[in-house]
Structure formats: structure tokens, C-alpha cells
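Everything on this sheet refers to the single structure shown next.
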Amino acid sequence: VAPVTRLAVALALVASVALAGCDWSAYGYDARHTSSNPTETAIGPAEVAALEPVWSVPTGSNVDGTQSPAIAGGVVVAGTSVAHDDGTYGGTLRAVSAATGDELWVHELDHVAVPPALAHGLVYVGGGCNAAGGPATVRALDLRTGAPRWEAALPAPVCGPPAVAAGRLYVPTRAFP
């Protein structure tokens, strides 16, 4: 399956979850990344064979196995990555309506987007783990508009999905030797 197609299928499956009425607001579902939503009862093993894409979204760039869409409040947010010829990396963060797949906003990044976390009407994203000297930042964007709310410099690049728990933002980083 082509990388761009994988995101389209993943977003279609996320749409099914959204239309079933549950959020999956971070990589692995929750701050502990358990990959289990104990309150979701609409889709079980018996329903999987009958799932069909509701919509798909072409991304225009690579989606690899490290990307995971997040959904909250009827908005699906997913990142993409691209390796440039000069050895640098970039990416986009895209938000679409969970009900229709219509694009709400696209935010260009100067780094590969790790899977975002959604909480309190914000999208938290960081990046820069792919190469020494990459940007060591975490950003908060408005969930509905994509407008930047704040950005913070970190001592090392973000190397995994952020998590929000107990009113705090947790951001995994990695120091390069």
C-alpha cells in the first residue's frame, strides 16, 4: 500500500470512529498510549469486515508508520513528512472535518510532524528528531483554525508524540551525542 494511500485509509477509519461518537485525541488513544478506548462499543470484531471508507484525503507527501491521526470534537488532525534533496526534513499538519473530510486548515512545518495530541481546543505538535540540529520546538495551534497559539524552544528535538494529562503537556525529547 502506498504511503499516501495509507493516510487516506487511516483517515477514513478514523472518520468511522468519529461518526460512532468517540474521540481518539492522541497517539495510542490516551496519555499512556494504551491503544485502547474502553468506552467505544460501536465497532467490534464483528463489524470490522463491513467497514468501508467514508472519505479520503490526498496528502501530497509521505505518510510513514510513525504518523497517527488524532481526533477530537469532530476534527481529524494528521501529520506528513518529506525528506528534501538537501538532507533537511519538512512536513505538514492537516486538519479535516471528521464528518465530511473537508479540509479545515494546513500548517507547513520546518520539521517532520510527530503524531499530534489534541486537548483544550489546541493541537500540540513537535518535531526535529530525524537529524542532529533539527528544530527543538513544541507548538500549540488552534484546533479549529490552525492559527499558532504559542511555540516553545526545547533543549533537544521532540522524538515522540506529546501527551496531555492532568493539565500538563509532556513532550519526549532526545539528545544527540
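Sequence positions, counted from 1, serve as the residue numbers for this chain.
Once rounded to the nearest 0.5 Å, the distance linking NE2 of His120 with CG of Leu169 reads 9.5 Å. Note: Leu141 CG to Arg149 CZ = 9.5 Å, rounded to the nearest 0.5 Å. To the nearest 0.5 Å, the span separating OH on Tyr124 from OH on Tyr170 amounts to 12.5 Å.
The backbone N or O of Ala98 sits less than 3.5 Å from a side-chain atom of Trp55, completing a donor-acceptor pair. Thr92 places no side-chain N or O within 3.5 Å of a backbone atom of Arg94 that could act as its donor or acceptor partner. Remark: the backbone N or O of Leu143 is paired with a side-chain donor or acceptor of Trp105 at under 3.5 angstrom.
A chain of hydrophobic side-chain contacts below 4.5 Å, direct or via other Ile, Leu, Val, Met, Phe, Trp or Tyr residues, connects Leu154 to Val164.
When every heavy atom of Gly101 is checked against every heavy atom of Val57, the shortest pair comes out as O-CG2, 3.7 Å. Scanning all heavy atoms of the two residues, the minimum distance from Leu118 to Val77 falls at CD2-CG2, 4.0 Å. Residues Val171 and Pro162 approach most closely at CG2-CB, 4.3 Å, considering heavy atoms.
The closest side-chain heavy-atom distance from Arg144 to Val75 is below 4.5 Å. Taking the side chain as every heavy atom from C-beta outward, His107 and Pro148 approach each other to under 4.5 Å. At a threshold of 4.5 Å between non-hydrogen side-chain atoms, the residues Thr137 and Arg139 count as touching.
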> Checking side-chain contact (heavy atoms from CB on, under 4.5 Å) for the pair Glu108/Val106: CA distance, chi angles, key distance, verdict?
Replying inline: CA-CA 7 Å; Glu108 296 294 326; Val106 175; 3.9 Å; yes
